[in-house]
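Everything below concerns the one structure shown next.
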Amino acid sequence: MDLAHTEEEQEFRARLRAWLAKVLPELPARPSPDDWPGRRAYDLGWQRRLYDAGYAGLHWPVDAGGRGATPTQHLIFLEETERAGAPYVGANFVGLLHAGPTIAAEGTAEQRARWLPPVLRGEEVWCQGFSEPGAGSDLAALRTKAVRDGDAYVVTGSKIWTSHAEVADWCELLVRTDPAAPKHKGISWLAMPMDAPGVTVRPLRTLAGSAEFAEVFLDEVRVPVANRVGAENDGWRVTMVTLSFERGTAFVGEVVACRRTLGALARAAKANGRWDDPVLRRRLGRLYGEFGALWRLTQWNVSEAQGSGGVPGVGGSVFKLAYSHARQELYDAAAEVLGAGALSLEEEWTLERLSSLSYTIAAGTSQIQRNIVAERILGLPKGR
Amino acid sequence: MDFRLTEDQRDLRAGIRDLLAGRYGREALRESVRASESSGVASSGAVSSGVVSSGAVVDRRLWRELGEAGFFSLRLPESEGGVGLGLPEAVLVFEEAGRALLPGPLVATHLAAGAVPGAASGSAVVTAFDLGGPLVAYLGEADAVLGAEGLPAGEPVRSVDPLTPLWRSSGVLPSGYREAGALLTAALQLGSALRTVELAVRYAGEREQFGQPIGGFQAVKHLCARMLVRAEVARTAVYAAAVTGDAAEIAAAKLLADEAAVRGARDCLQVHGGMGFTWEADVHLHLKRAWVRAEQWHTAPEAEELLAARLGAEAEEEAVAEAEAAAMG
């Protein structure tokens with residue numbers, strides 16, 4: 001049980017901190033949330049700076065063009081960039097955290113050479129075409145079909161909840177290549193160019209009022225067979241190799257941000273007198289304790305991943321369940337601090353409160369996560 | 001940074017788990033419950049003031065064996081006859097004691113090692129005024145009270161937990177012990193919480209209704225998953241607080257471990273259905289002990305206020321730093 005950082009880790013942190021202090025003031029102004037081309041350019045620009053400074057693909061293996069950093073160094077990177085107020089991973093999310101690692105793990109040498117460097121250099125944006133209107137929690141029920149025609153698949157169907165679809169160059173797409181096989185066995189993983197004829201993107205407006213993701217309609221889209229990663233009908237396994245990444249370190253920066261928000265909440269409550277209400281004060285104290293524990297749980301999971309060769313385990317489900325609930329509690333507490341002010345959309349915390357509602361749904365609902373915990377960790381029987 | 005347990009720490013935990021499984025398994029636990037009832041301490045209240053009970057709850061021989069194994073002297077320096085280990089090792093052995101529902105003033109006696117003669121070796125049973133009110137546990141069996149001169153008089157009280165005899169008495173907790181006491185009590189709660197997850201999962205896998213194990217029903221499954229999530233969050237909080245020794249982290253560890261233990265026992269009871277409501281199932285023993293421990297050292301309101309005070313102080317420091325940065329810039 002050692003929470004102290006090694007000399008090497010401390011040096012890594014110091015170098016990163018110095019670099020952030022130099023580079024962040026040079027960044028252009030942030031684009032408005034509904035300026036999608038602006039957001040793409042901004043996020044790719046940040047990725048390019050990371051690349052030039054040697055921080056791109058920190059946690060990727062060296063033979064995939066990454067830095068081969070330890071999970072602890074990756075944790076320090078996420079912690080420091082959030083503390084310094086650096087840009088989020090944004091449009092680079094799928095490329096860096098899912099499609100890229102999938103190609104790195106399962107792609108051929110040619111595929112890795114084609115797709116990985118542009119992700120690291122901040123030149124290409126990926127989106128994710130997994131969920132469908134009829135396949136959400138039950139992802140393997142997906143029906144978008146791909147029929148082989150010479151050296152291409154002809155893909156028809158629709159995808160939903162696709163973030164950054166409007167500005168993506170590529171889509172990591174799950175398709176059904178064998179309709180007769182059991183549902184997990186007939187799926188393949190394809191890299192689909194978003195400018196291919198037959199691709200239509202329709203933005204979806206969230207309850208927060210903004211269009212954070214989209215529906216993608218596919219009408220006889222031709223995707224070269226050479227764009228398939230892994231064997232035909234082996235796409236489920238290919239995807240699962242890296243899907244748990246989303247539950248591993250994806251929320252590290254957010255936990256740091258939540259702890260900062262708590263400080264701001266305490267200041268606001270002291271300023272408007274609500275801090276004197278012991279019920280609210282104790283509620284904030286409890287959240288402070290919970291987010292402290294969540295930070296420690298992150299360090300625990302990272303240490304475990306480091307010990308197991310960097311593969312995040314099902315412990316990510318435990319973290320996600322606790323974190324998504326705590327985040328919703330945090331912004332409900334923020335609303336209590338604001339009082340009627342929480343009804344104003346001009347309050348940043350009001351927008352965060354709205355967006356926090358997605359946390360118990362996205363990337364596996366809390367109900368699905370509890371099934372995972374119960375069946376895979378506790379060993380309870382599969383059933384209904 | 002490597003937060004995982006070292007091999008020595010895993011061995012220590014396994015060693016104490018084996019010792020307790022051999023010396024204080026389920027039969028011994030139920031025998032303690034029977035003995036506590038026949039001694040009259042827990043259920044009748046008929047023991048008169050000043051009369052020391054038969055000592056049925058604390059097994060003196062086991063207490064000395066724990067002493068020999070280093071349970072109480074774990075954190076004493078080797079130069080003083082101790083084991084010379086720290087809080088991280090201590091929370092691991094207390095977690096195991098909590099798992100086994102081992103009765104007795106374990107935390108107070110551990111804290112008394114080096115200060116009260118006989119505590120380190122387990123030849124003395126030392127209790128403490130850690131309940132913050134007029135009640136004190138194990139007074140009738142104790143040889144000493146932490147930080148007190150002699151043994152205060154007390155009136156026995158019928159205790160909700162058959163294995164925690166309570167006495168009405170008065171006294172104060174000396175300063176300097178509260179944080180370690182809260183952390184080690186949190187470790188006991190953690191062990192109990194993890195044990196209730198195991199009990200619930202085992203029962204849910206065995207008990208069949210509607211032609212299948214009830215653990216196959218999502219309603220039951222999700223209860224068990226929630227128990228594990230609370231216990232795992234509490235575990236990292238307890239372990240981290242043991243490493244840093246930070247007062248706010250200790251308060252958070254106690255708060256989260258209390259909740260994991262109390263709610264874990266409640267959910268475990270629910271999973272057991274009607275059996276959970278019986279005296280013969282062990283679930284109520286976990287719940288009642290968790291209720292006792294939740295009142296010791298740091299209650300939830302105290303922990304939350306302590307955490308709020310830390311949050312408020314940090315927020316003000318940040319505000320000052322930001323104002324200074326703005327003035328400089």
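Numbers restart at 1 for each chain; the letters A, B, ... are given by sequence-line order, proteins then strands. On a predicted model such as this, the values are computed, not experimentally measured, just so you know.
- A donor-acceptor pair under 3.5 Å is absent between the side-chain atoms of Glu232(B) and the main chain of Val318(A), judged by distance alone.
- Highest contact tally toward chain A, considering only Arg226(B), Arg310(B), Met227(B), is held by Arg226(B) [criterion: heavy-atom pairs under 4.5 Å].
- Of all the listed residues (Leu262(A), Thr6(A), Thr70(A)), the one sharing the greatest number of non-hydrogen pairs under 4.5 Å with chain B is Leu262(A).
- Rounding to the nearest 0.5 Å gives a distance of 3.5 Å between NZ of Lys221(B) and CD of Glu375(A).
- Of all residues in residues 188-202 of chain B, those placing a non-hydrogen atom less than 4.5 angstrom from a non-hydrogen atom of chain A are Val197(B), Val201(B).
- For Leu5(B), the parts sitting under 4.5 Å from any heavy atom of chain A are the backbone and the side chain alike.
- Taking CD of Gln306(A) as the reference point, atom CE of Met1(B) lies at 6.5 Å (rounded to 0.5 Å).
- Looking only at heavy-atom pairs under 4.5 Å with chain A, the residue among Ala252(B), Ala240(B), Ala242(B), Ala234(B) that has the most is Ala240(B).
- In the displayed structure, Arg274(A) atom CZ is contacted under 6.0 Å by more than 12 heavy atoms of other residues, nucleotides or ligands.
- A 6.0 Å sphere centred on CD of Glu7(A) holds no more than 12 heavy atoms belonging to other residues, nucleotides or ligands.
- Residue Glu249(B) touches chain A through its side chain alone, counting heavy-atom pairs closer than 4.5 Å.
- Distance CD/Glu290(A) to CG/Leu256(B): 6.0 Å, rounded to 0.5 Å.
- Only the side chain of Trp275(A) comes within less than 4.5 Å of a heavy atom of chain B; its backbone N, CA, C and O stay farther away.
- A donor-acceptor pair is defined here as one N or O able to donate and one able to accept, closer than 3.5 Å; such a pair exists between the side chain of Arg267(A) and the backbone of Ala315(B).
- Going from atom CG of Leu287(A) over to atom CG of Leu307(B) covers 10.5 Å, rounded to the nearest 0.5 Å.
- In terms of heavy-atom proximity, Ala300(B) sits nearest to Arg282(A) at C-NH2, 4.4 Å.
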With side-chain contact (heavy atoms from CB on, under 4.5 Å) as the test, would you mind laying out the steps for Val229(B) and His325(A) before giving the verdict?
CA-CA 11 Å; Val229(B) 170; His325(A) 178 72; over 6 Å; no
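- Residue Ala322(A) touches chain B through both its backbone and its side chain, counting heavy-atom pairs closer than 4.5 Å.
- Each of Pro213(B), Ala237(B), Gly215(B) has some count of heavy-atom pairs under 4.5 Å with chain A, and the biggest count is that of Gly215(B).
- Across Ala309(B), Gly205(B), Cys224(B), the residue that shares the most heavy-atom pairs under 4.5 angstrom with chain A is Cys224(B).
- What you find for Ala204(B) and Leu380(A) is that their closest heavy atoms are CB-CD2, 3.9 Å.
- Separation of atoms OH (Tyr239(B)) and CZ (Arg296(A)) is listed at 15.0 Å; rounding is to 0.5 Å.
- Comparing Arg260(A), Arg286(A), Gln367(A), Gln299(A) by heavy-atom pairs within less than 4.5 Å of chain B, the highest count is held by Arg286(A).
- Contacts with chain B were tallied for Gly289(A), Ala293(A), Ser303(A), Ala374(A); Ser303(A) has the most, counting heavy-atom pairs under 4.5 Å.
- With respect to chain B, the highest number of heavy-atom pairs below 4.5 Å among Leu294(A), Ile76(A), Leu3(A) belongs to Leu3(A).
- Residue Asp2(B) holds its CG atom at 11.5 Å from NE2 of His5(A), rounded to the nearest 0.5 Å.
- In this structure, His222(B) and Asn371(A) have side chains that are in contact, with non-hydrogen atoms separated by less than 4.5 Å.
- When heavy atoms are compared at a cutoff of 4.5 Å, Glu9(A) approaches chain B solely by way of its side chain, counted from C-beta outward.
- Using a 4.5 Å cut-off between heavy atoms, Glu259(B) touches chain A through its side chain atoms alone.
- Residue Glu208(B) places its CD atom among more than 12 non-hydrogen atoms of other residues, nucleotides or ligands, all under 6.0 Å distant.
- Of the atoms belonging to Glu302(B), not a single heavy atom falls under 4.5 Å from chain A.
- Between Pro278(A) and Glu305(B) there is a side-chain heavy-atom pair separated by less than 4.5 Å.
- Neither the backbone nor the side chain of Leu87(B) comes within contact range of chain A, judged by heavy atoms closer than 4.5 Å.
- Heavy atoms of Leu75(A) lying under 4.5 Å from chain B belong exclusively to its side chain.
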